[in-house]
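So the structure is just underneath, and the comments pick up after that.
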Amino acid sequence: MRKTTLITGGAGYLGSHTALQLIEAGHSVLILDNLCNSSREAVARLELLSHSHVDFIEGDIRDAALLDEIFSTYAIDAVLHFAGLKAVAQSVRRPMDYYANNVFGTLNLCQAMARAHVFNLVFSSSATVYGEPARMPIVEEHGTGKPANPYGRSKLMIEELLSDLALADSRWNIAVLRYFNPIGAHQSGLIGEAPSGRPNNLLPCLTEVASGQRAALTVYGNDYPTVDGTCIRDYIHVLDLAEGHLKALQVLQGDEHGLHVWNLGSGTGYSVLQIISAFEDVTGLRIPYRFAARRAGDVAECRADASKAGRELGWRAQRELTQMLIDSWRWQTSNPWGYRPQPAPLLAVGS
Ligand code: NAD
Ligand code: WQD
């Protein structure tokens, strides 16, 4: 049977772009997703782009029986684990959902992997585990901090769980990838970020304003100790991020044992106002914005030192900010309703 990579959350934003690259590189993939924040249409678009059938199972990583069935049906030799909830503000309102989905879901997945003797795992972590960083740029060896919300704490708990697992059993090969701020979309405009609810991240909010779905962008805080008072982040193109997963997988499937942590960021920081201005330059549009109070939990600056991934994975982010913004905007303009079909026009009374 052909070796297959299981991609949990593969219908989502980051998982779908990584799935496409894996397929293009000749891997056989199986996507498992409960579609709580994505759509079957994303899988259909993957099929369109890859000119191939994509194996997809609608299901939940918390379902142990389903996982056992998957591992006994397919010859899975590695898991890319993207599935999870990721909305920071929602995690404050519904912490138990985040611990159940993210932490318990990962535990359940690892137990099923161990039962099936599958020990290669790539986990989607986040720069949020660094909390308020003491030094910039952030190096993995600086250690983790205190994440500001249940979402971040769920990621840190998972990292600790995985670290204990790797210490207890040397058969595990685990890559913990700490993403900085992924933006952009595939150059076709066919796949991109399409959250089910209202977005909270900067780029989707910005493109909503640009397309008239939102009146103005709220900029949270203009009194940070930064170049212009607004927060600085390390934005990374989703395709660069996807390439990082292929490199990590290659290394794990080599002779690498234990748990390894790699930052995936570009190393370059941009303030919110710099992003708005660059977006205006790229699109020729004017983005109305207004300043509001700081958003709880935001740090002034968050920027990666990604040299460890450079040395050990042979990876570095290649795509510039302009490319990220062009691709985000192409996705938004080609898919104003995400993967949903265009809403039917309201019929006039009497028609
Ligand atoms: P996403 O919401 O687009 O994708 C996650 C996918 O997981 C969705 O398709 C969702 O339906 C699925 N899912 C959620 N719970 C599930 C469950 N219990 N069982 C099966 N499927 C489930 O999010 P994304 O932006 O693609 O993020 C992917 C991963 O990367 C997440 O773990 C997220 O925490 C992490 N991450 C994302 C970012 C970011 O800014 N996008 C940054 C750092 C880390
Ligand atoms: C970026 C900057 C906002 C929206 C989050 C998670 C992190 C990771 C990536 C998943 C900040 C400002 C935003 C808006 C604004 N996700 N902003 N107006 O907070 O760096 O990281 O996503 O793992 O864990 O915390 O990203 O895009 O929300 O914000 O001014 O409408 O844009 O204050 O300075 P963040 P973001």
Side-chain angles (χ1 to χ4, degrees), residues 7-18 31-40 42-43 57-63 66-67 80-89 91 97-98 100-102 104-106 108-109 123-130 147-149 151-152 154-155 158 177-183 191-206 208-209 214 216-222 224 226 230-236 238 241-242 245 264-265 270-273 275-276 289-303 338:
I7 308 182
T8 74
Y13 173 41
L14 308 179
S16 57
H17 288 78
T18 307
I31 292 176
L32 169 67
D33 198 303
N34 68 1
L35 302 182
C36 70
N37 197 36
S38 52
S39 130
R40 240 171 224 282
V43 181
I57 294 175
E58 183 174 346
D60 201 295
I61 55 166
R62 290 166 293 178
D63 182 343
L66 173 66
L67 293 181
L80 300 188
H81 177 33
F82 293 94
L85 302 178
K86 64 160 186 178
V88 169
S91 81
D97 288 346
Y98 277 68
N101 214 326
N102 296 0
F104 171 68
T106 303
N108 201 43
L109 174 68
F123 171 61
S124 298
S125 191
S126 166
T128 191
V129 299
Y130 291 115
N149 50 67
Y151 165 72
S154 76
K155 289 287 172 189
I158 296 168
L177 302 182
R178 293 183 182 149
Y179 312 152
F180 281 66
N181 288 60
I183 61 171
I191 53 172
E193 183 170 16
S196 299
R198 286 214 89 185
N200 297 301
N201 292 116
L202 180 59
L203 247 291
C205 291
L206 186 56
E208 278 195 0
V209 174
R214 230 179 242 251
L217 182 74
T218 305
V219 176
Y220 299 118
N222 61 347
Y224 286 97
T226 61
T230 65
C231 291
I232 291 177
R233 293 290 180 271
D234 178 333
Y235 297 91
I236 171 171
V238 60
L241 196 87
H245 289 72
L264 294 187
Y270 293 97
S271 74
V272 177
L273 291 184
I275 293 288
I276 296 174
Y289 64 85
R290 59 179 177 78
F291 292 116
R294 292 181 176 196
R295 193 174 67 173
D298 274 346
V299 296
E301 185 172 2
C302 184
R303 188 162 50 83

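Counting convention: from 1, in listed order, for ligands and their atoms alike.
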Which of the atoms of ligand 2 are close to [X], meaning less than 4.0 Å from one of its heavy atoms?
X    : result
V219 : 30 (O)
T128 : 24 (O)
Y220 : 4 (C), 14 (C), 15 (C), 17 (N), 18 (N), 30 (O), 31 (O), 33 (O)

Atom 36 (P) of ligand 2 sits nearest the protein heavy atom N201 ND2, 3.4 Å

Between Y151 and Y98, what is the ring plane arrangement, given parallel below 30°, perpendicular above 60°, and tilted in between?
perpendicular

Over all atoms of both residues, closest heavy-atom pair of A11 and L35
CB-CD2, 4.0 Å

With only distance considered, is V88 within less than 3.5 Å of ligand 2 through an N or O on each side?
no

Between N181 and ligand 2, is there a nitrogen or oxygen pair with a distance under 3.5 Å?
yes

Are any of the heavy atoms in Y151 under 4.0 Å away from ligand 2?
yes

Under 4.0 Å, counting heavy atoms only: does Y235 come that close to any atom of ligand 2?
yes

Please state whether [X] comes within less than 4.0 angstrom of ligand 1, counting heavy atoms only.
X    : value
H81  : no
T8   : no
G59  : yes
G105 : no

If you draw the axis of the six-membered ring of Y224, does the NZ or CZ of R294 fall within 45° of it and under 6.0 Å from the ring centre?
yes

Counting only heavy atoms closer than 4.0 Å, does ligand 1 sit against the backbone of R62, its side chain, both, or neither?
side chain

A127, portion touching ligand 1 at heavy-atom distance under 4.0 Å:
neither

For the OH atom on Y289, are there more than 12 heavy atoms of other groups (residues, nucleotides or ligands in this structure) within a distance under 6.0 Å?
no

Residue among S126, S125, S124 satisfying side-chain hydrogen bond (donor to acceptor under 3.5 Å, both in side chains) with Y179:
S124

If the test is side chain to side chain contact (heavy atoms under 4.5 Å, CB included), which one of T230, L206, L217 qualifies with I275?
L206

Is it the side chain (CB and beyond), the backbone, both or neither of L202 that lies under 4.0 Å from ligand 2, heavy atoms counted?
both

Candidates S91, A11, S125, S196; heavy atom nearest atom 44 (C) of ligand 1 found on S125

